[in-house]
Amino acid sequence: MIKDVVVHMNNEQPLLADLRQLPTAADACLVCTNLRYLGGKKPTFVDHIDSWFLIPLGIVRFVEVPQKSIEDSEDLLALPPGDVAEETYDPIDVEGENDLLRRMREV
């Protein structure tokens, strides 16, 4: 069970939910339970908080899975955060870009 996932839907307030598993590309709906607003209050359209809900993925903008939820889940592999890649400075690319910008201004 993946707990406290934030479901962002089109033109709606975000909802907290518990997921059995993350949706895949083959899924048409998001299967979740324990729907509630971010403040913990039950939405007005929910009769029984312990019910399972099918939310069509067509109205879901994105699903936000907090790092703690990933670490606490037995179903997901908790990957350690990777090192931040350092930006490399390549003066050849910058000179080429400057030349391109100069030619665009001349036109």
Minimum-distance pair of heavy atoms, taken over all atoms of [X] and [Y]:
X	Y	answer
Ser69	Val65	CB-CG1, 4.3 Å
Leu15	Pro43	CD2-CG, 3.9 Å
Ala17	Leu35	CB-CD2, 3.7 Å
Thr33	Asp50	OG1-O, 3.6 Å
Phe53	His48	CZ-O, 3.8 Å

- Message: For Arg36, is there an ion pair with Asp4 - N to carboxylate O distance below 4.0 angstrom?
- Response: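 Salt bridge flag = yes for Arg36 with Asp4.
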May I ask whether [X] and [Y] are part of the same hydrophobic cluster, defined by side-chain heavy atoms of I, L, V, M, F, W, Y residues being less than 4.5 angstrom apart, directly or through others?
X	Y	result
Ile59	Phe45	yes
Met9	Leu57	yes
Val6	Met1	no

(Q) Using modelled atom types and a 3.5 Å cut-off, is there a donor and acceptor pairing between side-chain atoms of Asp18 and backbone atoms of Cys32? (A)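 No, the answer is negative, given that no donor and acceptor are paired below the 3.5 Å cut-off.
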In Å and rounded to the nearest 0.5 Å, what is the [atom1] to [atom2] distance from [X] to [Y]?
X	Y	atom1	atom2	value
Leu16	Leu38	CG	CG	5.0 Å
Lys42	Asp47	NZ	CG	6.5 Å
Leu30	Arg20	CG	CZ	12.0 Å

